Amino acid sequence: KQEVTQIPAALSVPEGENLVLNCSFTDSAIYNLQWFRQDPGKGLTSLLLIQSSQREQTSGRLNASLDKSSGRSTLYIAASQPGDSATYLCAVSLDSGGGADGLTFGKGTHLIIQP
Amino acid sequence: NAGVMQNPRHLVRRRGQEARLRCSPMKGHSHVYWYRQLPEEGLKFMVYLQKENIIDESGMPKERFSAEFPKEGPSILRIQQVVRGDSAAYFCASSPAGYSYNEQFFGPGTRLTVL
């Protein structure tokens with residue numbers, strides 16, 4: 001059974017710092033990995049998707065890496081801003097051959113950027 | 001292109017009543033997924049549907065819960081005889097057909113409160 005763990009569970013840093021969020025998964029047979037952000041009481045916003053054959057993806061100040069063999073991904077946020085405050089979720093899709101499985105989520109990292 | 005729509009956004013039911021949650025996928029998307037987020041828990045996959053077919057319901061409780069995605073109209077998640085433990089946020093996601101790397105786009109969720 002796939003398990004996804006995110007470390008740290010919570011993080012509070014001053015504005016402007018670069019930071020790294022970690023995600024690990026137990027079954028390396030993944031189809032892809034997605035990073036989301038969730039604001040309080042709201043839905044999920046997709047940030048980055050990394051296909052199993054890729055090593056990293058970038059979008060603006062965000063960079064996500066994937067080491068499939070070791071079961072790890074990191075989300076790097078550069079020059080953090082108060083608007084980045086949210087819960088960040090990592091999710092993996094298993095490769096069952098159909099390419100369209102449900103996602104297994106970590107419990108998230110609750111990030112606070114202090115102005 | 002409107003995003004994934006869910007309604008109602010908030011639903012209050014008394015124990016024993018039925019709850020019906022609706023999800024309209026993004027235009028052009030034919031895959032729908034339902035997830036549940038219990039208080040202080042991560043998101044858990046419930047069911048994956050395509051038009052008129054349930055593909056994977058491995059995360060769905062065996063009793064009282066059912067889902068459908070008819071040829072016309074939204075996907076419906078139905079919870080019969082609700083209990084307090086059903087109180088949660090229910091999220092719907094959709095993705096395009098085919099081998100699209102299964103990027104899932106989430107709706108804003110329906111927050112169910114059972115009194």
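Because the structure is predicted, anything quoted here is derived from the model rather than measured. In what follows, every chain begins at residue 1, and chains take the letters A, B, ... in the order their sequences are listed.
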Undergrad: With B:F65, which residues qualify under ring pair (Phe, Tyr, Trp, His ring centres under 6.0 Å), at least two apart?
TA: none

Undergrad: Below 4.5 Å from any heavy atom of chain A, which atoms of B:Q37 appear? Answer side chain, backbone, both or neither.
TA: side chain

Undergrad: Decide if atom CD of B:Q81 counts as having more than 12 heavy atoms of other residues, nucleotides or ligands within a radius under 6.0 Å.
TA: no

Undergrad: Can you confirm whether B:K51 is buried at NZ, in the sense that more than 12 heavy atoms of other residues, nucleotides or ligands lie under 6.0 Å from that atom?
TA: yes

Undergrad: Return the minimal non-hydrogen interatomic distance between B:Q104 and A:S46, and the atom names on each side.
TA: O-CB, 4.4 Å

Undergrad: Are the side chain of B:Y35 and the backbone of A:L103 linked by a donor-acceptor contact shorter than 3.5 Å?
TA: yes

Undergrad: Would you indicate whether A:R72, at its atom CZ, is surrounded by more than 12 heavy atoms from other residues, nucleotides or ligands within a distance under 6.0 Å?
TA: no

Undergrad: Where does A:Q6 contact chain B at under 4.5 Å (heavy atoms): side chain, backbone, both or neither?
TA: neither

Undergrad: Does atom CZ (B:R15) have a neighbourhood of more than 12 heavy atoms from anything else shown, all under 6.0 Å?
TA: no

Undergrad: Taking atom CZ of B:F105 and atom CG of A:L44, what is their separation to the nearest 0.5 Å?
TA: 12.5 Å

Undergrad: If you compare all heavy atoms of B:L43 against all heavy atoms of A:Q38, which two are closest, and at what distance to 0.1 Å?
TA: CD1-OE1, 4.4 Å

